[in-house]
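Just below is one structure, and these are the notes that go with it.
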Amino acid sequence: MKTRQVIVKDLPKGTLTQDHFALTETDLPAPKEGELLIRTILMSIDAANRAWMQGATYRAAILAGDPMHTYALAEVIDSRAPKFTKGDIIAVETVWADYAVVPAKGAQKMPPVETLSHLMSVFGIAGKTAFHGLLSVGRPLPGETVVVSAAAGSVGAYVGQIAKAVGCRVVGIAGGAEKCKWVVDDLGFDACVDYRDPAWHKALKAACPEGIDIYFDNVGGNILETVLFRMNERGRVVCCGAVSQYDATAPSGPRNLPGLVVVKRLRMEGFIVMDYAHEDTTALRALQNWVKSGAIKVPEDIVEGLENAPAALIGLLAGENRGKRMVRVGPDAV
Ligand code: NAP
């Protein structure tokens, strides 16, 4: 059987472009014992895709010639593993392709849901990352001020909404006045600061009159440096990612470390969403309740077609997306 797939033709050194990718066709082997033949439905597009091209992270690096790896929702077409049968919908690590043969180990059978894409946004990695990072690492108290960067993105949108739901004052940081307006008007943040405005540090000060108790950092770099100046004593900096550095040729900021961490007695802690897998059931129950009550909205940004996956990733890094970006490769199963 043949499948289309998108490979990383050349590894980027600076800004990612279409030239780094190629759409190819390849033969798929029949699944062996312990493997599944799957049909991709939705692929998650993540800033992490770009980070994987920079070298090994919490997972192996992508090399030139490799298909791009992804987290996807897929339908089992053929199973050589006892736990799965044809027609199952699974969450699985696969590649940018219409079809793939994957190990069954690591695949997870999904429950029936009303809206399949929610398993990739609010009930997927984005929602769980926001929940665990904010509540377990940041540990907010009602009345505290929470600031989150990449606020209109998939993780940031939930961080802010969860922080509001637990009684915090929430300030987003995002690129562009229009995006900031959306974060306030549609997502219900108390304020949002446009970091592309040269005077944004003054706007941040004005938006946080009582300082910042928790900074949920999705971007690193100069934004992290600026926010550290406004942290309150005993504040918490939740280090979730560093998207400002993934496409950069040289690293930037922060230059005020460890000085400000010492003086302000800050706790700065990184985490990976899988660290809290043992608390996923609690997270999902809470997220379901918030979605049902309307306390949390589910912004999704779905790009159609496997061939558009490179553009979807390039656009994500340029800040095109509002909410969770994914690529629809095929229709939901009937
Ligand atoms: P995302 O918001 O869907 O997309 C990235 C957003 O980052 C863009 O929309 C853009 O919005 C912003 N951005 C891009 N370049 C920037 C720059 N130079 N400076 C400031 N902002 C920039 O991404 P996501 O999926 O929510 O991920 C957010 C972060 O969480 C990433 O760093 C990712 O690696 C990390 N993450 C970590 C875990 C974990 O387990 N620790 C899990 C999932 C994700 P603007 O228009 O606002 O610039």
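Throughout, numbering of the chain's residues begins at 1 and tracks the sequence. All values below were derived from every heavy atom in this structure, side-chain atoms included, with hydrogens, water molecules and symmetry-related copies excluded. Just so you know, ligand 1 is whichever comes first in the structure, and atom 1 is the first atom listed for that ligand.
- Both the backbone and the side chain of Val273 come within contact range of ligand 1, each with a heavy atom under 4.0 Å.
- Among Phe216, Tyr246, Tyr195, the residue whose heavy atom lies nearest to atom 21 (N) of ligand 1 is Tyr195.
- Among the atoms of Ser154, some N or O lies under 3.5 angstrom from an N or O of ligand 1.
- In this structure a side-chain-to-backbone donor-acceptor pair under 3.5 Å is missing from Arg285 to Thr282.
- The closest approach between any non-hydrogen atom of Arg325 and ligand 1 is not below 4.0 Å.
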Inset, instruction - Quick one: do Gln245 and Ser252 satisfy side chain to side chain donor-acceptor pair (under 3.5 Å)? Show the steps, please. - result: CA-CA 7 Å; Gln245 305 298 294; Ser252 63; 3.3 Å; yes

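- Counting atoms of ligand 1 from 1 in the listed order, those under 4.0 Å from a heavy atom of Ala242 are 32 (O).
- Classified by interplanar angle (parallel below 30°, tilted 30° to 60°, perpendicular above 60°), the ring pair His132/Tyr276 is parallel.
- Taking a 4.0 Å cut-off on heavy atoms, Ala51 fails to register as neighbouring ligand 1.
- Remark: side-chain polar atoms of Arg39 are paired, donor with acceptor, to backbone N or O of Pro331 under 3.5 angstrom.
- Phe21 and Trp96 have parallel rings, their planes meeting at less than 30° on a 0 to 90° scale where 60° marks the start of perpendicular.
- Nearest-heavy-atom check against atom 47 (O) of ligand 1 across Gly175, Gly124, Ala48 picks out Gly175.
- Under 4.0 Å from ligand 1, the heavy atoms of Lys179 that appear belong solely to its side chain.
- Heavy-atom contacts of Val219 reach the following atoms of ligand 1: 20 (C), 21 (N) (cutoff under 4.0 Å).
- Using a 4.5 Å cut-off between side-chain heavy atoms of Ile, Leu, Val, Met, Phe, Trp and Tyr, with links allowed through other members, Val92 and Ile62 fall into different hydrophobic clusters.
- Annotation: Val155 places an N or O atom under 3.5 Å from an N or O atom of ligand 1; distance criterion only.
- The backbone N or O of Tyr99 lies less than 3.5 Å from a partner atom in the side chain of Thr3, making a donor-acceptor pair.
- Comparing Gly153, Gly319, Gly315 by heavy-atom distance to atom 10 (C) of ligand 1, the nearest is Gly319.
- Of the candidates Asn49, Asn218, Val183, the one placing a heavy atom closest to atom 31 (C) of ligand 1 is Asn218.
- Ligand 1 places these atoms under 4.0 Å from at least one heavy atom of Asn321: 1 (P), 2 (O), 3 (O), 4 (O), 8 (C), 9 (O).
- The shortest N/O to N/O separation between Gly323 and ligand 1 does not fall below 3.5 Å.
- Taking each of Val238, Ile125, Asn222, Val243 in turn, the one with a heavy atom nearest to atom 13 (N) of ligand 1 proves to be Val243.
- Scanning Ser244, Gly172, Ala174, Ala318 for the heavy atom closest to atom 18 (N) of ligand 1 points to Ser244.
- With Ser149 contributing its side chain and Asn218 its backbone, the two residues share a donor-acceptor pair below 3.5 Å.
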Legend entry - side chain to side chain donor-acceptor pair (under 3.5 Å) assessment of Ser117 paired with Glu300: CA-CA 8 Å; Ser117 57; Glu300 292 181 337; 2.7 Å; yes

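- The backbone N or O of Ala312 lies less than 3.5 Å from a partner atom in the side chain of Arg325, making a donor-acceptor pair.
- Residue contact check: Arg196 has heavy atoms under 4.0 Å from atoms 46 (O), 48 (O) of ligand 1.
- Between Ile223 and ligand 1, a contact under 3.5 Å exists for no N or O pair.
- Remark: the backbone N or O of His69 is paired with a side-chain donor or acceptor of Asn49 at under 3.5 angstrom.
- Of the listed residues (Val166, Ile214, Asn232, Ile212), just one forms a side chain to side chain contact (heavy atoms under 4.5 Å, CB included) with Glu144, and that residue is Ile214.
- Counting the atoms of ligand 1 from 1 in the order shown, those under 4.0 Å from a heavy atom of Leu317 are 14 (C), 15 (N).
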